Structures are given as structure tokens and as C-alpha cells.
Participant: 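Attaching a single structure in C-alpha cells format; questions to follow.
Everything numeric in this text was worked out from a predicted model, so none of it was measured. Note that the numbering runs from 1 along the sequence shown for the chain. Whatever order the structure lists them in is the order used to number ligands and atoms, beginning at 1.
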Amino acid sequence: MLASVEFDLPAEDRVFRDAVREFLATHLPEVLREASRATPTVFAEPEISRRWQGILHERGWLAYNWPDRFGGTGWSPMQRYIFEKECALADAPGLPVLGLKLLAPVLCEYGTARQQQFYLPKILSGEHYWCQGFSESGAGSDLASLRTSAIQDGDGYVLNGAKLWTTHAHFADHIFCLARTGNSGKPQLGISFFLVDMRQPGVRVRPIRTLAGDHEVNEVFLDDVRVPAADLVGAEGQGWSIAKFLLENERGGSCHAPRLLADIARLRSDAAREPAGDGTAVLDDPLFAAQLSRLELQAQALEITELRNLEQAGLGQRPGPQSSIVKLVASDLRRDVDALAVSVFGYVGAQLELQRPLYGEGGPAALHSKSAQVATPRYLNSQAWAIFGGSNEIQRSIIAKTVLQI
Ligand SMILES: Cc1cc2nc3c(=O)[nH]c(=O)nc-3n(C[C@H](O)[C@H](O)[C@H](O)COP(=O)(O)OP(=O)(O)OC[C@H]3O[C@@H](n4cnc5c(N)ncnc54)[C@H](O)[C@@H]3O)c2cc1C
């Protein structure tokens, strides 16, 4: 049976891996593992992710991709990878990545000392919950055409505009956003990066229901919203460069292979138990087994690519445009793995969803596995991977232009 690639770890990494395993065994509560297995959306709900964040913060293992001088763990690239892999194998929930993995590296790189001292500890403690205000209607792939304006007024700016598809804005108290401070020259040059407190008049959040029925994304309206000049990150007009730095982390800052491989392993064991209707199990179908193995091999290849990228980051280099390769491959794999799960028991899962109002939480749904219950909503949600952080077509263009240079 294929599994995750078994690396021949040096002794010190084996010691580290065992320490992580031991910590997860003793500190990751079953209720959080269960919640993670039952999460159909891309992001875990804050009541789940923040609890896990608190546990890791207490252990000092939260800022593992931050530079050491800002409270990073000082782990090697391999140790970071081992940590993410062990978390995936243990069904740890996702973390609130928008603050921890997207904004924090921006503040470490471009922020003022005041911004670093004020915001970074609050991101770590979970006191601030961040969302990302880049996209707008008509400014997704073509982000440079964004229209939200930031007009200088006294010792600050006044923002007006509307952001679209803002993940978890309904939970967030802060939004980092791009706004236009200038209109002359190339559109990219007039964009600036702001930190905005959402707890003020003029900020309004409107929910968007997705195909899967979830409330994960929103519209955010900014009407005469005030931002102190001290909350402009970098210089006026530097927002485009900062956004590109952030997007590299969004696309390639986390490792996707560990979670995919863990899900593939679970799918294999679920398929070995799930009856095919003729006395055999789903896994006994050679076509299904071949499809599963193909996905497993692709996820292993992604794992190697991610490790190579981590090595590069360990040498002090940015994720670079190669992060688009990781994002593209991971998006396709996510959709394909979730589609295969639907082929195992999606129909049952869909039926269980429909029956829930009749039978309640303890009804027929309780008789079937959690995997069956989340298969269909997870598959519907997985379509978003090929869109957020830049669509697959945009990633292909970046790879063609900057990696292959054609
Ligand atoms: C679930 C989800 C969560 C999101 N969360 C956030 C968030 O938190 N914050 C945020 O700022 N944004 C968020 N987004 C927005 C996301 O970044 C945009 O949806 C994405 O960049 C695509 O932009 P668009 O929706 O405007 O589509 P469009 O840009 O209109 O694209 C429509 C289609 O045309 C194709 N296309 C467009 N231009 C080209 C081109 N030049 N070459 C080839 N094909 C092209 C696209 O690939 C796509 O298939 C989220 C999106 C989703 C689905």
C-alpha cells in the first residue's frame, strides 16, 4: 500500500518528530480532532481554530514561520514540515492563517516598529482576528483595477469602497486591505496597504452563501472609514509590491501535501469498509484503487516540491513565483480527492444532509461515518481552491511568464 513518503530522517529530526507526536497525543483534545474531521469549509470556524491557536501559543509553537527576532520558533525547514505533517496526521484543525501566515510576515518585512510591537502580539494571542480585503467586484484576477479609494485627510486617510469574497469578515475585527491613493501612471503604482479596525462606523459586512450552503465569505462595505496614517503599511503606493509578497505566502507559505496525504489515507480505509453493494468493498474495485493510487503519487510529488520550496525559504529566500506551482497542483488535487470521496459515499452523505431536519443530529446521520456526512459539502467547497488566492488560469500565466519565462 502506498503512503506518505517515508523520509530517512536524521536523528535530531526524529527526536523532534517524536516530541511533536507526544505533544499532539497529550494536548490536542478529541473534540478538536472531531471538529476538524467534520469541517467542510476551507477555513475552520474561529471557535475551533482559536482554541487550537491558544494551545499552540501556550506551548510557544504558534509563530513557526515567523523570523526568530519576532518570536519565531527557530525551527529548520524540515522541522516546520514535520510539524505540519504531524498536525495533519493527528487531524489538528486549521489555524486562523490570515493574521498568522499572511499579515504577520508582511508586518515583519514592511511594518514600522510600532506596527510590529502593537499588532504581532495580538495576532499571536488571538485578540485580533483578521480578514483580507483585496478583491472587489471587477477586481479579482485584475486586482490592479481596484477602486476602493483612500483619500488623505489630516493625520490619516478616509476609505470608501466595497470588498468582495472577504473570508470570515463576519468574525473579524480587523481587515488588511488595498486601497487606491493615486490615479496617475500605471494602476499598480497608486495602490497602498492599510490596516483597518472594523469596529467603527462605516464598516458593514453582508454575508454571501456559497454553493455548499455555508457562510464563509462576505461583502465588506467601507463608507468614510478612518484609518490613522500610522496604519499605512510601507510607503504610499507600495501596496502592490506588498500584496505580491503576501500572495506568495498565501499560495506557497503552507504545506498542502500533508493534509492531502492524510485525507487520502482516510479515504483508503473508509473505502475498504464501505460496501460496494455486491459483497465487496469500494476499495476492491480496481478502477477506484487505481484512481486513489494516482492521487497518492501526485500528492507525494507535491510533498517533494513543497520540501524543495521550504529549503529555499530556509536559505532566506522568498517563496517566489514557484508558489504558484504548489497552489495550482494542490488546488487540482484537493478537488480530485474530494470528488473521489463523493464517489465512495457522497450519495449517502447528501441523503443524510437532507434527512437531518427530519431526524435531528442523532438520527440516521449518526449511524454513518463523519466522512460520509462531509463528503458532499467538502467537494462543493473544494471548487473554491481553483479561485481564491488567484485562479488556476492566473497561476498558469504566472508560471509561464516568471518560472518558465516563455
Ligand atoms: C471561497 C473564496 C474565498 C475568497 N476569499 C477572499 C478573501 O478573503 N479576500 C479577498 O480579497 N479575496 C478573496 N477571494 C477572491 C478571489 O481572490 C477572487 O475570486 C479571484 O482572484 C478571482 O477573481 P474574480 O472572482 O473577480 O473572477 P474573475 O477575475 O472575473 O475571473 C473569472 C474567470 O475568468 C478567468 N480569467 C480572468 N482573467 C484571466 C486572464 N487574464 N487569463 C485567463 N483567464 C482569466 C478566471 O480564471 C476565472 O475563471 C475569495 C474567493 C473565493 C471563491
Participant: Hey, does Ser391 come in under 3.5 Å of ligand 1, counting only N/O atoms on both sides?
Facilitator: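 Among all N and O atoms of Ser391, at least one is under 3.5 Å from an N or O of ligand 1.
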
Participant: Output all residues satisfying salt bridge (charged side-chain N to carboxylate O under 4.0 Å, His left out) with Arg378, sequence neighbours left out; order by chain, then residue number.
Facilitator: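 Here no residue qualifies.
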
Participant: Return the closest protein heavy atom for atom 52 (C) of ligand 1 as residue, atom name and distance.
Facilitator: Phe388 CB, 3.8 Å

Participant: Show, in sequence, the C-alpha distance, side-chain angles and deciding distance for Gln115 and Val233, and conclude whether the side chain to side chain contact (heavy atoms under 4.5 Å, CB included) test is met.
Facilitator: CA-CA 8 Å; Gln115 287 167 351; Val233 181; 4.1 Å; yes

Participant: Suppose I only count heavy atoms of Val217 and a 4.0 Å limit; which atoms of ligand 1 are within that range?
Facilitator: 1 (C), 2 (C), 3 (C)

Participant: Please report whether ligand 1 has a polar contact with Phe134, defined as an N or O pair separated by less than 3.5 Å (distance criterion only).
Facilitator: yes

Participant: Please report whether ligand 1 has a polar contact with Gln132, defined as an N or O pair separated by less than 3.5 Å (distance criterion only).
Facilitator: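 Yes, since at least one N or O of Gln132 sits under 3.5 Å from an N or O of ligand 1.
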
Participant: Which is closest to atom 5 (N) of ligand 1 in terms of heavy atoms, Thr167, Leu98, Leu143?
Facilitator: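 Going through Thr167, Leu98, Leu143 one by one, Thr167 has the nearest heavy atom to atom 5 (N) of ligand 1.
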
Participant: Report the residue from Arg259, Arg17, Lys101 that forms a salt bridge (Lys or Arg N to Asp or Glu O under 4.0 Å) with Glu84.
Facilitator: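 Only match with Glu84 under salt bridge (Lys or Arg N to Asp or Glu O under 4.0 Å): Lys101.
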
Participant: At what distance is the nearest protein heavy atom to atom 20 (C) of ligand 1, and which residue and atom is it?
Facilitator: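 The closest heavy atom on the protein side is Ile387 O, 3.4 Å.
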
Participant: Tell me, with the steps shown, if Trp52 and Ile48 meet side chain to side chain contact (heavy atoms under 4.5 Å, CB included).
Facilitator: CA-CA 7 Å; Trp52 181 223; Ile48 301 163; over 6 Å; no

Participant: Is it true that Trp240 and Phe193 have ring centroids separated by less than 6.0 Å?
Facilitator: no

Participant: Evaluate the 4.0 Å heavy atom contact test for atom 30 (O) of ligand 1: does a protein atom fall under the cut-off?
Facilitator: no

Participant: Salt-bridge test for Arg335 and Asp332: reply yes if a basic N is under 4.0 Å from a carboxylate O, no otherwise.
Facilitator: yes

Participant: Could you give me the CA-CA distance, side-chain angles and deciding distance for Val225 and Asn160, then say whether side chain to side chain contact (heavy atoms under 4.5 Å, CB included) is met?
Facilitator: CA-CA 7 Å; Val225 169; Asn160 277 288; over 6 Å; no

Participant: Determine, considering heavy atoms only, which of Gly389, Ser135, Ala386 sits nearest to atom 11 (O) of ligand 1.
Facilitator: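 Minimum heavy-atom distance to atom 11 (O) of ligand 1 goes to Ser135.
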
Participant: Do any nitrogen or oxygen atoms of Glu136 come within less than 3.5 Å of a nitrogen or oxygen of ligand 1?
Facilitator: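 Between Glu136 and ligand 1 (N or O atoms, distance only) the closest approach is not under 3.5 Å.
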
Participant: Nearest to atom 1 (C) of ligand 1, what protein heavy atom do you find, and at what distance?
Facilitator: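 Answer, as residue, atom name and distance: Ala384 CB, 3.5 Å.
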
Participant: Mind checking the CD1-CG spacing from Ile123 to Leu102? Nearest 0.5 Å is all I need.
Facilitator: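 Atom-to-atom, Ile123:CD1 and Leu102:CG are 10.0 Å apart.
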
Participant: Run down the list Gly140, Ser145, Ser141 and name the one with the heavy atom closest to atom 28 (P) of ligand 1.
Facilitator: Ser141

Participant: Identify, for atom 49 (O) of ligand 1, the protein heavy atom at the shortest distance, and state residue, atom and that distance.
Facilitator: Glu393 OE1, 3.6 Å

Participant: In the protein, which heavy atom is nearest to atom 41 (N) of ligand 1, and how far is it?
Facilitator: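 Going by distance alone, atom 41 (N) of ligand 1 is nearest to Ile394 CD1, 3.9 Å.
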
Participant: Hey, would you say the Tyr119 and Trp130 ring centroids sit under 6.0 Å apart?
Facilitator: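 Judged by ring-centre distance (under 6.0 Å), Tyr119 and Trp130 do meet the cut-off.
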
Participant: Have a look at Phe43, Trp130, Trp165 and point out the one with the heavy atom closest to atom 4 (C) of ligand 1.
Facilitator: Trp165

Participant: Do Lys122 and Phe118 meet the cation-pi criteria used here (NZ or CZ under 6.0 Å from the six-membered ring centre, within 45° of the axis)?
Facilitator: yes

Participant: For atom 35 (C) of ligand 1, is there a protein heavy atom at a distance under 4.0 Å?
Facilitator: no

